[in-house]
K.L.:
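After the structure tokens below, expect a handful of questions from me.
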Amino acid sequence: MSSQRADLACRIFPEPDAYQIDHFDRLPDSLLLLVFNKIGDVKALGRCCVVSRRFHSLVPQVENVVVRVDCVISDDDSSSSSASSDKSRGPFWNLLRLVFGGIVKPIQTLGQFLGPKRPSSSSPSPSSSLAVGTDDDSDAGVTHHSPTQVLKNFNEIRLLRIELPSGELGIDDGVLLKWRADFGSTLDNCVVLGASSVFHPKDLTDSSATATNCTDDNGSIPDSFYTNGGLKLRVVWTISSLIAASARHYLLQPIISEHGTLDNLVLTDADGQGVLYMNREQLEELRVKPLSASSASKRTLVPALNMRLWYAPHLELPDGVVLKGATLVAIRPSEQSPNTAKKEASDLSWVSTAFEEPYRTAATMLVKRRTYCLEMNSF
């Protein structure tokens with residue numbers, strides 16, 4: 001009987017060494033960093049920081065970081081009535097709200113990771129209008145931090161992806177508008193893909209719709225494109241996309257200057273409407289060559305541009321999706337060396353590969369059509 005009681009006691013009360021072992025201590029730092037890099041999300045990493053001192057010391061070494069913005073609000077968010085009136089002012093007001101707005105939503109425990117601030121530069125931070133909200137345990141409210149502050153304790157960032165909650169440009173349902181812009185100290189190139197409407201295979205149930213979508217053309221832009229507002233709408237799409245891209249670029253300056261280890265930076269949105277991309281060479285160019293910026297409009301000034309346009313009244317993709325009024329615009333600065341301009345005239349790979357599928361296929365099909373050239377002054 002006494003031996004059975006001893007066995008029972010051992011099972012209920014195991015030896016202290018058996019349950020005090022922290023198995024995470026057996027994992028090498030390199031493996032934990034691999035896991036943290038797979039996590040990426042700055043909110044999740046902020047929570048990891050409060051798990052242990054070891055995690056808190058390793059998270060700043062993460063190289064791949066993702067910042068997902070929860071919402072965009074106006075800086076002078078004084079009343080709900082003003083917010084409701086903003087909705088009626090159209091897509092350009094929404095764009096202004098992005099430029100002047102702040103990013104807010106509670107991020108639990110991330111505030112504990114913010115720690116002491118790095119010395120700030122003497123120049124004002126253009127991203128101060130953007131704020132990432134964190135819970136403040138000492139106060140029941142929410143403390144706001146700029147993305148620069150949230151990222152300040154990451155010392156080894158190489159790939160940074162920032163995702164806005166939605167695209168800046170309000171468009172009607174069924175309209176397709178996508179853009180990609182590459183920046184150095186100013187715009188390197190931009191590609192805009194649009195369509196007045198998109199039909200999916202399930203929508204093409206009646207024979208009349210199918211017959212219409214299969215209409216052939218000789219590759220020329222029809223006269224109706226100029227008279228029914230089609231060209232004007234494409235110009236608005238192009239200018240709006242350039243403004244949105246230059247506003248994003250302007251807001252990234254403090255982050256770029258703060259993190260010299262960056263190899264790639266992507267600023268996109270959850271809708272997949274627009275993507276701003278910067279590689280290592282472009283990031284270095286911005287650090288050594290000051291950009292031309294408009295402090296009043298809070299965006300990078302865009303130089304004089306050359307644009308090439310391709311148009312198809314109806315474009316049917318291999319998966320059955322049909323783009324009506326499909327338009328592709330490729331944009332480059334006008335000031336280029338003759339050799340560069342000649343090479344670009346024959347090499348359009350940067351245009352056809354600007355988007356993910358199925359829109360990459362759409363761009364590839366459009367660049368095979370007749371090309372129309374346009375020019376635009378700086379703005």
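Note that this is a predicted model, so its numbers are computed, not measured.
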K.L.:
Under the criterion side chain to side chain donor-acceptor pair (under 3.5 Å), I'd like the reasoning laid out for T327 against W310: C-alpha separation, chi angles, the key distance, then a yes or no.
P.N.:
CA-CA 6 Å; T327 310; W310 297 268; over 6 Å; no
K.L.:
Working to the nearest 0.5 Å, report the span between CZ of F36 and SG of C48.
P.N.:
5.0 Å
K.L.:
Using 30° and 60° as the class boundaries, would you call the ring planes of F225 and Y311 parallel, tilted or perpendicular?
P.N.:
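Aromatic pair F225/Y311 classed tilted.
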K.L.:
Could you tell me whether the side chains of E285 and S185 share a donor-acceptor contact shorter than 3.5 Å?
P.N.:
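Note: E285 and S185 side chains meet the donor-acceptor criterion.
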K.L.:
For the hydrophobic clusters of this structure (ILVMFWY residues joined by side-chain heavy atoms under 4.5 Å, transitively), does one cluster hold both L233 and I239?
P.N.:
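Same cluster: L233 reaches I239 through Ile, Leu, Val, Met, Phe, Trp or Tyr contacts under 4.5 Å.
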K.L.:
As an exercise, state the distance from CG of D271 to CD1 of I171, rounded to the nearest 0.5 Å.
P.N.:
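So the gap between those two atoms works out to 8.5 Å.
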K.L.:
Roughly how far, to the nearest 0.5 Å, is OG of S224 from CD1 of I221?
P.N.:
10.0 Å
K.L.:
Can you find a side-chain donor-acceptor pair between T361 and E357 that sits under 3.5 Å?
P.N.:
yes
K.L.:
Which value, rounded to the nearest 0.5 Å, describes the distance between T238 atom OG1 and I331 atom CD1?
P.N.:
5.5 Å
K.L.:
Check whether Y277 forms a cation-pi arrangement with R180 (NZ or CZ under 6.0 Å from the six-membered ring centre, at most 45° off the ring normal).
P.N.:
yes
K.L.:
For the hydrophobic clusters of this structure (ILVMFWY residues joined by side-chain heavy atoms under 4.5 Å, transitively), does one cluster hold both V266 and I157?
P.N.:
no
K.L.:
Taking atom CG of D319 as the centre, does the number of heavy atoms from other residues, nucleotides or ligands within less than 6.0 Å exceed 12?
P.N.:
yes
K.L.:
Verify the distance criterion only: is there a donor paired with an acceptor across the side chains of Q282 and D188 at less than 3.5 Å?
P.N.:
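Looking only at side-chain atoms, D188 and Q282 do form a donor-acceptor pair, the distance falling under 3.5 Å.
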